[in-house]
Protein chains: 2
Amino acid sequence: MTDIDTSPIPERKRGSGVKMVYDLLRDEILDLVLPPGSPIDEVQLAERFKMSRTPIREALVRLAGEGLIDTLPNRSTMVANIDFLNMHTFFDALVLMYRVTTKLAAQYHRPEDLKVIRAHQAEFAAAVQAQDALAMIATNAAFHSAIAEAGRNAYFTGLFNRLLDEGRRMLRLYYQSYDDRLPQRFVEEHDDIIAVIANRDIEEADRLAKLHAEQIVHQIQKLFAREDRLDVAL
Amino acid sequence: MTDIDTSPIPERKRGSGVKMVYDLLRDEILDLVLPPGSPIDEVQLAERFKMSRTPIREALVRLAGEGLIDTLPNRSTMVANIDFLNMHTFFDALVLMYRVTTKLAAQYHRPEDLKVIRAHQAEFAAAVQAQDALAMIATNAAFHSAIAEAGRNAYFTGLFNRLLDEGRRMLRLYYQSYDDRLPQRFVEEHDDIIAVIANRDIEEADRLAKLHAEQIVHQIQKLFAREDRLDVAL
DNA sequence: TGTATATTATTTGTCGACAAGAATTTTATC
DNA sequence: GATAAAATTCTTGTCGACAAATAATATACA
């Protein structure tokens, strides 16, 4: 008898498959590795991850639940499109969540929260320094998400994180070239926000968050307007 | 050859199974037919609906995504508990959503929206008249959900509907006996809210929605406090 | 009798296969 | 050659079965 390789290699822990597929697909969607409209093929994914279609499908059901993919019955499933027509509803929600989460952070944060927030702010400042637009987007989102966590309201953090994800996707569309940069001013505004949170000044937290959010929305709109002009010109 | 019944009976349309299970479980959870903590057995459901476990599981994954059930890996899955400890976060979110959706309705509603809203208000008034507490809860939720729809912001309506569902579950816990009733005053407040929406008076919409929301929160808290006393007394 | 270990049973996660529905290609008819 | 019908291919939804993880029970031992 020859030494047959009974290949116990595929040792992947039971239940870890769906999470792996979910996390990876989620990242690829948010990073636009899978741009909006990309078809998603179950069998292809099954081969890629060397597992059956069942766990793949579970991951897809979850992603569909978060609105990251669209599934037409009995037909193809694809990466969800970005709804540019109703962009203003996105901005409305984003500004409001910026405000309310910052206010709650001022009210309910604990000392250890500030450490986390400051760490994210340091990363954001570094990204601005390096003029790395993609890193700016990611670290800015992480910064505000950390503030929201300090506010300790799961309903708000849930919606807010979703909005930040959607924003990340929208901005990726425009920052592919790394040639633009958020102004230094945003770094200073972040520092001010940290200060009022630490101070537990709720009113001022709301005011600064509102200004900051509107700045960011304005920046995004400017960006889109510029691209629109380019599109028309072509 | 005998006439063998090839039994083409189970004719359930392909893909309709998951929706059926999802809808029914959702209703049973929100109506407390399945109270918080109830174990959910896949094979039992499979037998009940005469289908395999696969579509059952898909429905469960969706419900888990909405936080209506909790799934411990490799172990049981059960109806999600109601988080009474962090109730204030629920109230915060609810009040804010009442306000923002009412404001947006004043801003963006179309004539046909008002018809729908008024129809729901009529049902609510009827429930109050009949002193049917459970119907009051349901029709009140439908009324405010319709207002939110008129505001046309999917991010807000999504969160708001979730909050209303959770509220429905909480209130069912206390209104099992049908012996209580929401005051007639809420009917009048609803009428006032409809009026300011129709008037497109955004500031006043916010003010009335805030007052109304706080009334409702106050009512719920009073209810819970009373039950607490009872619990302690026993 | 109480605790630790081994055995059994139950339930979940994964798999491969099959069938239904839609898209695509081929064939037939004018 | 164009259109309609039929056949084929391809993808998804569902199924029954099996294996891993856990819970429950039984057994051994002090």
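In the text below, chain A, chain B and the rest are named by the order of the sequence lines, each starting its count at 1.
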Can a salt bridge be assigned to the pair A/Asp113 and A/Arg152 using a cut-off of 4.0 Å between side-chain N and carboxylate O?
-> yes

Of A/Arg14 and A/Val43, the one whose closest nucleotide on DNA chain D sits nearer the 5' end is A/Val43

Under 4.0 Å between a Lys/Arg side-chain N and an Asp/Glu carboxylate O for B/Arg169 and B/Asp165?
-> no

With a 4.0 Å heavy-atom cut-off, tell me which residues in residues 49-56 of chain A come close to DNA chain C, sorted by residue number.
-> A/Met51, A/Ser52, A/Arg53, A/Thr54, A/Pro55

Spacing of B/Glu58 atom CD relative to C/dT14 atom P, expressed in whole Å = 15 Å

Interface with DNA chain D, restricted to residues 60-71 of chain B and to heavy atoms under 4.0 Å = none

Are the side chain of A/Thr139 and the backbone N or O of A/Ala135 linked by a donor-acceptor pair below 3.5 Å?
-> yes

Residue met sooner reading DNA chain C from 5', once B/Ser76 and A/Asn74 are mapped to nucleotides = B/Ser76

Partner residues of B/Phe49 under the ring pair (Phe, Tyr, Trp, His ring centres under 6.0 Å) criterion, sequence neighbours left out | none

Answer yes or no: is there a donor N or O on one side and an acceptor on the other, between the side chain of B/Thr102 and the main chain of B/Tyr98, under 3.5 Å?
-> yes

Are A/Arg48 and A/Glu28 ion-paired here, with the side-chain N under 4.0 Å from a carboxylate O?
-> yes

For atom CD of B/Glu42 and atom C1' of D/dG16, their distance in whole Å = 15 Å

For the pair made of CE in B/Met78 and P in C/dT12, what is the distance, rounded to whole Å?
-> 13 Å

Could you state the atom-to-atom distance from CG of A/Asp41 to C1' of D/dC10 in whole Å?
-> 10 Å

Whether B/Asn153 side chain and B/Phe156 backbone form a donor-acceptor pair below 3.5 Å = yes

Do the side chain of A/Asp31 and the main chain of A/Val33 share a donor and acceptor less than 3.5 angstrom apart?
-> no

Expressed in angstrom and rounded to an integer, what is the separation of B/Lys19 atom NZ from D/dT12 atom C1'?
-> 19 Å

Taking atom types as modelled and ignoring hydrogens, do the side chains of A/His190 and A/Asn140 form a donor-acceptor contact shorter than 3.5 angstrom?
-> yes

Nucleotide C/dT14, atom C1' - distance to NZ of A/Lys13 in whole Å | 17 Å

